[in-house]
Amino acid sequence: MTRLIFGCGYLGQRVGQRWIARGERPVAVTRSEEQAQALVHLGFQPLVADVTRPETLKNLPTAETVVYAVAYGRTNSASRTRVQVDGLRAALDALKQPPRRFIYISSTSVYGDLHGDWVDEQTPCKPDREEGRVAWAAEQALRAHPLGADAVVLRLAGLYGPDRIPRLGDLVAGQPLTLAADAMVNLIHVDDAATVVLAAVERAPAGDTLLVSDGHPVLRREFYRFLSERLGLPPPTFLEPDPAERSSRRGFGNKRICNAHMLKTLGVTLQYPTYREGLVAVLAARN
């Protein structure tokens with residue numbers, strides 16, 4: 001049984017390590033030779049290839065399970081569309097045989113700003129930022145591909161966990177946070193997200209779309225107030241973002257993500273059911 005992971009980063013690496021713990025050796029596609037060597041030491045079988053260069057994808061193994069978690073990072077020289085839409089098409093075209101399960105990691109940014117309303121899988125997608133528009137275009141490209149009809153799409157809320165707490169450095173430095181303080185933020189701890197991915201591989205209905213969140217949205221103001229208290233810092237201050245920058249930066253989204261379909265369909269129990277438990281664990285691990 002071959003497991004193939006595109007984008008073996010913050011989430012993909014944790015998914016793969018769960019399989020490694022079971023005695024498997026997943027194949028991890030990475031653009032970097034340096035990252036490939038690091039993945040070897042973690043127990044992966046690395047494959048150096050780049051989804052923006054289809055000619056590098058010729059040696060993909062036949063895989064029963066494919067997890068596609070390619071994110072757009074700061075080091076990408078290609079456009080977001082080329083990486084996330086064209087790259088996805090290239091990866092699908094390069095698969096020699098249809099996998100039993102194709103898991104695509106998307107984002108709740110496909111919904112845009114809902115002014116604090118609840119969102120579920122039936123809510124129309126109306127992205128209002130580039131990130132969301134590209135994520136939505138990628139989902140449509142997936143569904144239009146012959147291998148995409150049965151793919152499972154996981155729309156993730158904001159990932160946090162070890163070494164990833166948004167704006168932590170600014171908070172510790174006492175700098176104002178350029179965020180909409182009284183808008184909702186939706187989160188999922190990276191370890192819970194990995195649990196959901198593995199459960200989706202085994203139990204998600206073919207072609208399903210699921211929202212992945214802890215189901216307890218919180219005002220950004222309250223999130224950072226709790227974080228400040230746990231760190232023994234003064235209360236946070238905020239600088240409202242310029243509305244003119246809405247299309248290019250985070251900090252504006254205001255919606256509440258419902259995770260009821262995910263919980264019912266996959267039968268998972270979250271280790272960190274709210275941001276409070278998750279932050280306490282992350283901060284404890286830093287000490």
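Values reported hereafter were calculated over all heavy atoms of this structure, with side chains retained and with hydrogens, waters and symmetry mates removed.
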Compare all side-chain heavy atoms of [X] with those of [Y] and state whether any distance is below 4.5 angstrom.
X: Leu198; Y: Arg22; result: yes
X: Leu88; Y: Val51; result: no
X: Leu4; Y: Val29; result: yes
X: Arg203; Y: Thr265; result: no
X: Val119; Y: Asn186; result: no
X: Pro46; Y: Gln35; result: no
X: Leu279; Y: Arg230; result: no

In Å and rounded to the nearest 0.5 Å, what is the [atom1] to [atom2] distance from [X] to [Y]?
X: Phe238; Y: Thr178; atom1: CZ; atom2: OG1; value: 10.5 Å
X: Phe44; Y: Thr30; atom1: CZ; atom2: OG1; value: 11.0 Å
X: Leu177; Y: Leu179; atom1: CG; atom2: CG; value: 5.5 Å
X: Leu156; Y: Leu11; atom1: CG; atom2: CG; value: 6.5 Å
X: Cys8; Y: Leu47; atom1: SG; atom2: CG; value: 12.0 Å
X: Leu270; Y: Asp192; atom1: CG; atom2: CG; value: 4.5 Å

Hydrophobic clustering (ILVMFWY, side-chain heavy atoms < 4.5 Å, transitive) - are [Y] and [X] grouped together?
X: Val172; Y: Val280; result: yes
X: Val268; Y: Ile257; result: no
X: Ile188; Y: Trp118; result: no
X: Tyr68; Y: Val48; result: no
X: Trp19; Y: Val27; result: no

Exercise for review: Tell me, with the steps shown, if Ile165 and Leu283 meet side-chain contact (heavy atoms from CB on, under 4.5 Å).
Suggested key: CA-CA 10 Å; Ile165 299 178; Leu283 296 178; 4.1 Å; yes
Could you report the tightest heavy-atom contact between [X] and [Y], atom names first, then the distance?
X: Leu57; Y: Ala49; result: CD2-CB, 3.8 Å
X: Ile105; Y: Ala69; result: CG1-CB, 3.7 Å
X: Thr108; Y: Lys255; result: O-CE, 3.2 Å
X: Gly132; Y: Pro127; result: C-CB, 3.3 Å
X: Pro162; Y: Tyr10; result: O-OH, 2.8 Å
X: Val110; Y: Ala135; result: CG1-CB, 3.7 Å

Counting neighbours of [atom1] on [X] that are heavy atoms of other residues, nucleotides or ligands and sit closer than 6.0 Å, is the number greater than 12?
X: Arg25; atom1: CZ; value: yes
X: Glu34; atom1: CD; value: no
X: Lys96; atom1: NZ; value: yes
X: Asp163; atom1: CG; value: no

For [Y], is there any backbone N or O sitting under 3.5 Å from a side-chain donor or acceptor partner on [X]?
X: Arg286; Y: Val282; answer: no
X: Arg155; Y: Leu211; answer: no
X: Asn259; Y: Ser213; answer: yes
X: Arg82; Y: Thr52; answer: yes
X: Asp170; Y: Gln175; answer: no
X: Asp113; Y: Asp128; answer: no
X: Arg143; Y: Ala151; answer: yes
X: Arg89; Y: His145; answer: no
X: Glu240; Y: Ala181; answer: yes
X: Asn254; Y: Met184; answer: yes

Practice item. Using a strict 4.0 Å threshold on nitrogen-to-oxygen distance, state whether Glu222 and Arg225 make a salt bridge. Key: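 The answer is yes: the pair qualifies as a salt bridge.
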Review point. Side chains of Arg101 and Thr65: do they bring a donor and an acceptor to under 3.5 Å?
Key: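 Side chains of Arg101 and Thr65: no pair found under 3.5 Å.
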Check your understanding: Do Ser106 and Glu139 have side-chain atoms, one donor and one acceptor, less than 3.5 Å apart?
Key -> yes
Practice item. Take Leu39 and Gln13 through the test side-chain contact (heavy atoms from CB on, under 4.5 Å) and record every step on the way to the result. Key: CA-CA 9 Å; Leu39 289 169; Gln13 205 170 107; 3.9 Å; yes
Check your understanding: Under the ring pair (Phe, Tyr, Trp, His ring centres under 6.0 Å) rule, what pairs show up with a residue in residues 187-236, not counting sequence neighbours?
Key -> Tyr160-His189, His189-Tyr272, Phe223-Tyr275, Phe226-Tyr275
Review point. Can you check side-chain contact (heavy atoms from CB on, under 4.5 Å) on Leu92 and Tyr104, steps first, answer last?
Key: CA-CA 11 Å; Leu92 288 165; Tyr104 180 70; over 6 Å; no
**Study point:** Those residues that, when tested against Glu33, pass salt bridge (Lys or Arg N to Asp or Glu O under 4.0 Å) (two or more places apart)
**Key:** none
Check your understanding: How far apart are the C-alpha atoms of Thr195 and Arg18, what are their side-chain angles, what is the distance that settles it, and do they pass the side-chain hydrogen bond (donor to acceptor under 3.5 Å, both in side chains) test?
Key -> CA-CA 9 Å; Thr195 296; Arg18 302 281 184 95; 3.2 Å; yes
Review point. side-chain contact (heavy atoms from CB on, under 4.5 Å) between Val66 and Phe6: does it pass, once the steps are laid out?
Key: CA-CA 8 Å; Val66 177; Phe6 288 87; 3.9 Å; yes
